[in-house]
Undergrad: 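Pasting a structure below so you can have a look.
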Amino acid sequence: MSQRQVLQVFEQYQRARTQFVQTVAELATRPQNIETLQNAGVMSLLRPLLLDVVPTIQQTSALALGRLANYNDDLAEAVVKGDILPQLVYSLAEQNRFYKKAAAFVLRAVAKHSPQLAQAVVDCGAVDALVVCLEDFDPGVKEAAAWALGYVARHNAELSQAVVDAGAVPLLVLCIQEPEVALKRIAASALSDLSKHSPELAQTVVDAGAIAHLAQMILSPDAKLKRQVLSALSQISKHSVDLAEMVVEAEIFPVVLTCLKDPDEYVRKNSATLIREISRHTPELSQLIVNAGGVAAVIDCIGNSKGNVRLPGVMMLGYVAAHSENLAMAVIISKGVPQLAICLSEEGEDHIKAAAAWSLGQIGRHTPEHARAVAVANVLPKLLSLYMDTESSEDLQVKVLPHDSKARRLFVTSGGLKKIQEISADPGSPLQEYINTINNCYPEEIVKYYSPGYSQTLLERVDHYQPLIS
């Protein structure tokens with residue numbers, strides 16, 4: 001056999017390997033092929049090709065493994081059990097940018113399924129290697145690494161702490177300052193995932209200077225970037241008054257209110273969520289939102305949205321109203337009650353109706369004037385029908401009308417029953433009928449006791465009482 005023929009054998013073998021990994025990578029993009037590939041033992045065939053002498057074969061085999069692992073947790077588990085992760089980690093430090101992106105994709109695909117699989121990624125030393133990739137010259141490598149780190153962090157505080165301990169946060173904050181929009185998106189998403197689990201983790205993100213850079217991107221023309229920026233600021237704000245105040249001090253108001261009118265529904269939802277998380281902490285933060293026009297803007301957003309996009313805005317109105325009489329009146333003046341009434345009527349999901357009912361309760365509970373504002377919006381018949389509806393969830397019924405002894409007692413002790421008696425309604429009017437329906441939940445003497453003037457009636461009876469003296 002001549003030298004040329006010998007070389008041809010190796011060339012044929014290389015072409016065969018190349019064709020094999022390219023075909024498997026292509027087949028792995030279609031769900032209907034996954035089970036067949038798995039049954040054919042594709043994992044054990046791809047593993048040695050990760051160390052192939054030909055770089056394109058290495059990269060394509062990693063890509064194929066990533067697509068398979070991405071499909072379900074069984075295949076991701078097979079990657080872990082096949083001892084493939086240590087090879088990927090080793091190669092992250094050694095190989096070119098194409099391979100680094102493919103290797104980071106496999107790590108992300110494994111980590112996404114469960115905390116246990118994400119822990120396997122941590123245990124093989126991948127987090128440190130991925131953090132090194134955040135400093136890579138190529139923005140695509142940075143993006144792939146940030147994405148994988150975010151998927152590790154999203155599961156729980158312990159995994160997030162592992163990412164923090166590896167030094168990822170300052171580098172992710174640098175990534176959101178890079179010119180590439182795709183990198184900004186993924187880095188902001190990773191910071192959001194890191195911030196969500198605890199005040200301590202959120203503080204780590206804040207200490208790295210993230211808030212100022214995130215706040216500057218609220219008005220980005222890129223909707224997907226805005227979604228992630230608003231999400232990250234929400235996750236930071238939710239934990240404590242101090243963190244919420246730090247977000248507010250970055251001068252997000254009134255600019256964040258423009259996001260409530262964004263064509264992208266997730267931008268609208270995330271901006272309402274951010275405002276909700278800030279408003280619920282203190283009356284002062286809620287008042288700041290009111291002063292910036294935030295309540296009216298949220299009410300408009302609720303009116304222009306449907307379904308779950310409405311939910312954070314609906315709850316925000318309840319949180320604001322719960323703080324004080326004046327803040328509840330601000331919601332009333334901004335026409336929040338009719339909009340919540342529309343949500344009660346239009347929405348099909350019980351949890352959204354329950355949120356609307358809860359918010360109406362927070363608005364109406366302060367004084368007879370507040371209660372009347374809720375009553376005249378004609379929500380009481382709707383609330384009553386929802387309570388009587390056997391298909392309504394228990395959570396909705398609890399929020400709509402007290403129906404067990406503890407809830408009825410709470411309704412009395414919180415002053416709700418007394419306030420209902422203070423509402424002056426015309427005899428025979430629908431409003432009077434609704435009041436009667438609620439009164440029927442209680443013994444007659446309890447209703448009398450809380451009626452206006454009843455104490456005076458009792459005193460008059462004392463005055464006119466003639467004791468029987470033997």
Side-chain angles (χ1 to χ4, degrees), residues 66 88-89 92-93 95-109 111-112 118 121-122 125-155 159-197 201-237 246-247 250 252 266-267 270 274:
L88 293 169
V89 173
L92 271 175
Q95 298 289 350
N96 64 31
R97 61 196 171 104
F98 300 107
Y99 188 89
K100 286 177 179 176
K101 284 190 272 190
F105 170 51
V106 181
L107 294 167
R108 178 184 107 213
K112 83 169 195 178
V121 170
V122 173
V127 171
D128 288 321
L130 288 166
V131 169
V132 171
C133 288
L134 289 177
E135 297 185 89
D136 198 273
F137 179 75
D138 184 79
V141 173
K142 289 179 182 173
E143 182 189 332
W147 210 340
L149 289 166
Y151 272 52
V152 171
R154 67 173 47 182
H155 293 291
L159 288 162
S160 285
Q161 192 63 53
V163 174
V164 169
D165 291 345
V169 174
L171 295 170
L172 288 169
V173 173
L174 286 173
C175 286
I176 61 173
Q177 300 169 63
E178 294 281 357
E180 292 80 14
V181 174
L183 177 55
K184 286 177 184 283
R185 284 181 201 152
I186 302 304
S189 174
L191 290 170
S192 177
D193 286 328
L194 283 164
S195 302
K196 71 182 180 183
H197 300 293
L201 286 161
Q203 189 66 54
T204 304
V205 172
V206 172
D207 290 344
I211 290 177
H213 297 294
L214 289 167
Q216 287 170 4
M217 295 188 285
I218 287 174
L219 292 180
S220 164
D222 185 78
K224 289 179 181 175
L225 176 56
K226 278 190 284 193
R227 290 180 196 172
Q228 302 304 338
V229 165
L230 293 163
S231 172
L233 291 171
S234 301
Q235 299 294 2
I236 292 167
S237 301
M246 291 180 81
V247 171
I252 63 164
Y266 293 104
V267 171
N270 289 2
L274 171 57

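One is the number of the first residue; the rest follow in order along the sequence.
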Undergrad: Are Tyr99 and Leu88 packed together at the side-chain level, in the sense that at least one heavy-atom pair is separated by less than 4.5 angstrom?
TA: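 Heavy-atom side-chain distance check passes, below 4.5 Å.
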Undergrad: Can you see which heavy atom on Ser231 is nearest to which on Ser192, and at what distance?
TA: OG-OG, 2.9 Å
Undergrad: Can you tell me how far apart NZ (Lys112) and CH2 (Trp147) are? Round to the nearest 0.5 Å.
TA: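 That separation rounds to 10.0 Å.
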Undergrad: Could you pull out all residues at least two apart from Lys184 that satisfy side-chain hydrogen bond (donor to acceptor under 3.5 Å, both in side chains)?
TA: none
Undergrad: Shortest non-hydrogen contact from Val106 to Gly66?
TA: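 In this case the closest contact between Val106 and Gly66 is CG2-N, 3.6 Å.
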Undergrad: Taking atom CZ of Arg185 and atom CG of Asp222, what is their separation to the nearest 0.5 Å?
TA: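 Going from the CZ atom of Arg185 to the CG atom of Asp222 covers 4.0 Å.
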Undergrad: Please enumerate all residues that pass side-chain hydrogen bond (donor to acceptor under 3.5 Å, both in side chains) together with Arg227, with sequence neighbours excluded.
TA: Asp264
Undergrad: So how far is it from Leu172 CG to His213 NE2, rounded to the nearest 0.5 Å?
TA: 12.5 Å
Undergrad: Mind running side chain to side chain contact (heavy atoms under 4.5 Å, CB included) on Glu178 and Lys142 for me, showing each step along the way?
TA: CA-CA 10 Å; Glu178 294 281 357; Lys142 289 179 182 173; 2.9 Å; yes
Undergrad: Once rounded to the nearest 0.5 Å, what's the spacing between atom CG of Leu230 and atom OG of Ser237?
TA: 10.5 Å
Undergrad: What is the minimum heavy-atom distance between Ser189 and Gln228, and which atoms define it?
TA: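 Smallest heavy-atom distance, with atoms named: CB-OE1, 3.4 Å.
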Undergrad: From Cys175 SG over to Leu183 CG, what is the distance, rounded to the nearest 0.5 angstrom?
TA: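 Answer rounded to 0.5 Å: 4.5 Å.
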Undergrad: Return the minimal non-hydrogen interatomic distance between Ala153 and His197, and the atom names on each side.
TA: O-NE2, 2.8 Å
Undergrad: How close do Ala104 and Ala145 get, counting heavy atoms only, and between which atoms?
TA: CB-N, 4.2 Å
Undergrad: Taking Ile236 as the fixed residue, which of Leu274, Leu201, Ile211, Leu191 is the one that meets the side chain to side chain contact (heavy atoms under 4.5 Å, CB included) rule?
TA: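 Of the listed options, the one satisfying the test is Ile211.
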Undergrad: The criterion is side-chain hydrogen bond (donor to acceptor under 3.5 Å, both in side chains); which residues satisfy it with Asp165, sequence neighbours excluded?
TA: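 Only Gln161 meet the side-chain hydrogen bond (donor to acceptor under 3.5 Å, both in side chains) criterion with Asp165.
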Undergrad: For residues Ala129 and Leu92, report the shortest heavy-atom separation together with the two atoms involved.
TA: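 Heavy atoms of Ala129 and Leu92 come nearest at CB-CD1, 3.8 Å.
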Undergrad: May I ask you to test the Val163-Asp193 pair for a side-chain heavy-atom distance under 4.5 Å?
TA: no
Undergrad: Indicate yes or no for a side-chain donor-acceptor contact from Glu135 to the backbone of Val131 under 3.5 Å, with no hydrogens or angles considered.
TA: no
Undergrad: Could you go through the side chain to side chain contact (heavy atoms under 4.5 Å, CB included) check for His155 and Val152 one step at a time?
TA: CA-CA 7 Å; His155 293 291; Val152 171; 6.0 Å; no
Undergrad: Under the criterion side chain to side chain contact (heavy atoms under 4.5 Å, CB included), I'd like the reasoning laid out for Thr204 against Leu194: C-alpha separation, chi angles, the key distance, then a yes or no.
TA: CA-CA 9 Å; Thr204 304; Leu194 283 164; over 6 Å; no
Undergrad: From Asp138 CG over to Glu143 CD, what is the distance, rounded to the nearest 0.5 angstrom?
TA: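 If we round to the nearest 0.5 Å, Asp138:CG and Glu143:CD are 9.5 Å apart.
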